[in-house]
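Please read these numbers as outputs of a predicted model, since none were measured by experiment. A, B, ... follow the sequence lines: proteins, then strands. Residue 1 opens every chain.
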Amino acid sequence: MHIPDGFIPLWQSAIYFVIILPVIYFSIQWANNKMDERKIPILGVLAAAIFAIQALNIPIPWGTSGHMVGAAMAAIILGSPFAGVLLITLVLFVQAFLFGDGGVLALGANILSMGVVASFVGFYSFTVVRKINFTPITKKYSSVAIAAFIGGWLALFASAVVTTLQLYLAGTFPLIEGLLIMGLYHAVIGIVAEGFITSVAVTAIASYRSDILAFDEKKSSKGAASG
Amino acid sequence: MKKKDRNLLAVVFGIAILISVIAPFVASENPDGLESTSERFENAENKNESGYESPLPDYGVRGLGGREGTSAIALILGTVLTLVIVLAMFYGISLVKRSRSRKDEENSEKDGDYHGK
């Protein structure tokens, strides 16, 4: 949901840049203080993967398609929403400046929706849902898989809502119709792209290389379904 | 870096490159959710307000046109560039951090027994 230039008045674009600046500052502080340097190669490769995955548009009904944003996945794997903010910001920069995908003036707005909102919503909803014991409902799927799916879905849906609100404030979209259509499209995209891929990626890493993850998979699966 | 870590990263990066190559061929040409929505509303008009022209516009990824082969090259370029930029930024941050802490150490050695305010 990369907003192109021309959709948002310049003064609003400027405000979005101002809004994200402190978040970027805190994200860099996180990288400075809390991030394990040994994770830097993971960050690089994850960002590259997110860039590539964003190219994979998946068809959904109504002659539309959608792609994963990847903020939730990055935040969950790296253990902080600030990681998601930084990675998505850099991906969006490359997309806007090199490929004209998303406006350069609209970068502030796009970073806010796909970088900040998606990362925080995805990370914290994953954190909360992961604590739920799903064993009574399904013995097959672990809390991690379900939590990652929900985190991914909520991240994408929330960023779609924010994008719609930004475009409503810009006078580009009507509010109710915009929310209904964007909401509908991204509810589906959230299932087939974001939720699914986030869940598969996080569960795979948790199963085979849980040492990479910031959360302790062994601790979280006590009492939850195995696998 | 441990060998298994390097292998994992190589595999993930390899998958990213693979996706870059096949995406132009398999990705849906339908407009994405935002584009589809904006087609319904007459106020939604692209305008190049910044005057900036990107070097590889419309890499053809989201079904916006452009031939698949050149799109694949553009995507590979973007994938590699993203990796490079992210590594540069984070290693840059850690370099600055290390040089600052070295300066702090040097300064505190110079101060020695200074019990200042």
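Scanning both residues, B:Ser54 and A:Phe99, for their nearest heavy atoms gives OG-C, 3.5 Å. The two residues B:Ser28 and A:Ser65 make their nearest non-hydrogen contact at OG-CB, 3.5 Å. Among all heavy-atom pairs drawn from B:Ala27 and A:Ala55, the shortest one is CB-O, 3.5 Å. Closest approach of B:Thr79 and A:Ala52 over heavy atoms only: OG1-CB, 4.0 Å.
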Show, in sequence, the C-alpha distance, side-chain angles and deciding distance for A:Ile42 and B:Val12, and conclude whether the side chain to side chain contact (heavy atoms under 4.5 Å, CB included) test is met.
CA-CA 9 Å; A:Ile42 301 179; B:Val12 175; over 6 Å; no
A:Trp62/B:Ser36 under side chain to side chain contact (heavy atoms under 4.5 Å, CB included): CA gap, chis, key distance, verdict:
CA-CA 9 Å; A:Trp62 315 289; B:Ser36 287; over 6 Å; no
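Contacts between A:Ala170 and chain B at a heavy-atom distance below 4.5 Å are absent for every atom of the residue. A:Leu105 touches chain B through its side chain: at least one heavy atom from C-beta onward sits under 4.5 Å away, while N, CA, C and O do not. For B:Glu49, the parts lying under 4.5 angstrom from a heavy atom of chain A are both the backbone and the side chain. Residue B:Arg6 does not touch chain A at all, counting heavy-atom pairs closer than 4.5 Å. Heavy atoms closer than 4.5 Å to chain B are found nowhere in A:Leu92, neither backbone nor side chain. In this structure, chain B has heavy atoms under 4.5 Å from both the backbone and the side chain of A:Leu98. Heavy atoms of A:Pro41 lying under 4.5 Å from chain B belong to its backbone as well as its side chain. For A:Val45, the parts lying under 4.5 angstrom from a heavy atom of chain B are both the backbone and the side chain.
Options B:Ile85, B:Asn48, B:Asn46, B:Ile93 differ in how many heavy-atom pairs under 4.5 Å they form with chain A, and the most are formed by B:Asn46. Contact tally against chain A (heavy-atom pairs below 4.5 Å) for B:Ile19, B:Ile76, B:Leu9: the top residue is B:Leu9. Interface check for chain B: of the options A:Ala31, A:Gly66, A:Gly171, A:Gly63, the most heavy-atom pairs under 4.5 Å are formed by A:Gly63. Of the listed residues A:Ala49, A:Gly178, A:Pro174, the one with more heavy-atom pairs under 4.5 angstrom with chain B than any other is A:Pro174. Here A:Asn32 is the residue among A:Asn32, A:Ile50, A:Leu10 with the most heavy-atom pairs under 4.5 Å with chain B.
The shortest side-chain heavy-atom distance between A:Leu87 and B:Thr82 does not fall under the 4.5 Å cut-off. By the 4.5 Å heavy-atom criterion applied to side chains, A:Leu86 and B:Phe90 are counted as neighbours. Between B:Thr37 and A:Leu167, every side-chain heavy-atom pair lies at or beyond the 4.5 Å cut-off. Taking 4.5 Å as the limit, every side-chain heavy atom of B:Asp32 sits out of range of all side-chain heavy atoms of A:Thr64. Using a 4.5 Å heavy-atom threshold, the side chains of B:Phe41 and A:Glu177 count as touching. For the pair B:Leu34 and A:His2, the minimum side-chain heavy-atom distance is 4.5 Å or more. Side-chain contact between B:Lys47 and A:Asp5: absent, with no pair of heavy atoms (C-beta onward) separated by less than 4.5 Å. Contact annotation: the side chain of B:Phe13 never approaches that of A:Leu46 to less than 4.5 Å [non-hydrogen atoms, C-beta and beyond].
A:Ile181 contributes atom CD1, which lies 11.0 Å from atom CD of B:Glu39 (distance to the nearest 0.5 angstrom). Separating the OH atom in A:Tyr208 from the CG atom in B:Leu8 is a distance of 12.5 Å, to the nearest 0.5 Å. Considering CD of B:Glu35 and CD1 of A:Ile3, their distance stands at 12.0 Å, rounded to 0.5 Å.
Around the CZ atom of A:Phe17, the shell of radius 6.0 Å holds more than 12 heavy atoms that belong to other residues, nucleotides or ligands. Summarising the local packing, NZ of B:Lys97 is surrounded by more than 12 heavy atoms from other residues, nucleotides or ligands at distances under 6.0 Å. More than 12 heavy atoms of other residues, nucleotides or ligands shown are found within 6.0 angstrom of CZ on B:Phe25.
Between B:Arg98 and A:Glu37, at least one side-chain nitrogen of the basic residue sits less than 4.0 Å from a carboxylate oxygen of the acidic one, meeting the salt-bridge criterion. Salt bridge status for B:Asp5 with A:Arg38: absent, with no side-chain N to carboxylate O gap under 4.0 Å.
Counting only distance, with no hydrogens or angles, the side chain of B:Tyr52 and the backbone of A:Phe97 share a donor-acceptor pair below 3.5 Å.
Residues forming a ring pair (Phe, Tyr, Trp, His ring centres under 6.0 Å) with A:Tyr16 (at least two apart in sequence, or on another chain): none.
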